[in-house]
Amino acid sequence: MTPKKLLQLSREKKSRIILAIDLDSQEKIEKILTNLIEIIPSVKIGLPTIISLGIDRLKEILRKYDKTYYLLADTKLADVAHVMRKIIRKLKEADFNGFISHTFVGRKGALEELIKEANKLELDTFLVVAMSHPGGDEFILPHLEEFVKIANDLDIAGVIAPATKPKIVKLTREILREDKLILSPGIGPQGGKPGDAIYNGADFEIIGRLITSSKKPLETSIEIAKIQMEKLASKRI
Ligand code: XMP
């Protein structure tokens with residue numbers, strides 16, 4: 001499934017930023033979402049927030065923003081099918097548009113059934129094919145090409161590949177089907193630079209603390225979006 005809403009909002013706002021929210025204060029979340037509405041097309045809500053606020057309270061918050069942001073749940077699922085199906089039905093009730101799952105759980109009894117349910121619910125699936133932290137190289141990275149093949153075979157929206165490892169983003173882009181997106185986390189405190197993942201083939205950059213801990217989140221976001229647009233333009237030359 002193509003995440004049309006994500007692409008449409010990104011075109012309108014001229015930005016490839018997915019804001020990572022891992023905050024546990026409703027007040028802070030609402031303040032930042034209201035403040036960045038003009039420049040950020042999508043918000044990724046992490047487990048620290050989902051667990052702290054609870055899905056019902058989160059639903060009340062997200063209801064105010066579901067037209068203006070593409071809402072991605074960072075659940076990093078890794079379980080058997082019936083449990084994962086139950087989780088994504090809850091995410092749909094809370095107005096999420098998409099979610100993240102691990103790939104290593106495999107197809108049978110896990111991903112195939114999960115993605116069938118996700119598509120029935122009109123929820124976009126993104127699969128983790130590599131991770132941003134150094135330990136991501138221990139067990140996940142050696143299977144990158146197999147994970148991308150799984151992503152190519154399944155009816156999903158895209159994959160997660162690390163902005164901290166631009167060569168991995170480049171390799172992923174070379175082997176991933178063109179119609180699937182790459183979302184890249186790991187910019188700022190984890191070491192990646194804004195625009196580098198985009199330059200190497202990512203479609204969106206997932207950015208948390210660089211914006212949420214900034215004294216001027218709006219100015220920081222505008223500056224990052226500008227760098228992203230410049231990198232995209234330089235790629236096209
Ligand atoms: P910061 O504050 O470092 O937050 O910009 C990054 C966000 O991205 C998530 N994260 C990942 N998610 N694969 C993922 O699916 C990864 O390799 C990865 N690395 C970081 C993290 O949970 C946070 O919300």
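All ligand and atom numbering here is 1-based and tracks the order in the structure. Please read these numbers as outputs of a predicted model, since none were measured by experiment.
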>> If the condition is side-chain contact (heavy atoms from CB on, under 4.5 Å), which residues does D24 pass it with, not counting sequence neighbours?
In response: S52
> So which protein residues pack against ligand 1 under 4.0 Å, heavy atoms counted?
Replying inline: A20, D22, K44, D74, K76, V128, A130, M131, S132, I160, P185, I187, Q190, I206, I207, G208, R209
> Does a side-chain N-to-carboxylate-O contact under 4.0 Å join K170 and D196?
Replying inline: no
> Do K28 and I21 touch side chain to side chain, with heavy atoms closer than 4.5 Å?
Replying inline: no
> Charged N to carboxylate O under 4.0 angstrom, K149 versus E146?
Replying inline: no
> Hey, are the side chains of F99 and I87 touching, using non-hydrogen atoms and a 4.5 Å cut-off?
Replying inline: no
> Salt-bridged, E60 to R57, with N to O below 4.0 Å?
Replying inline: no
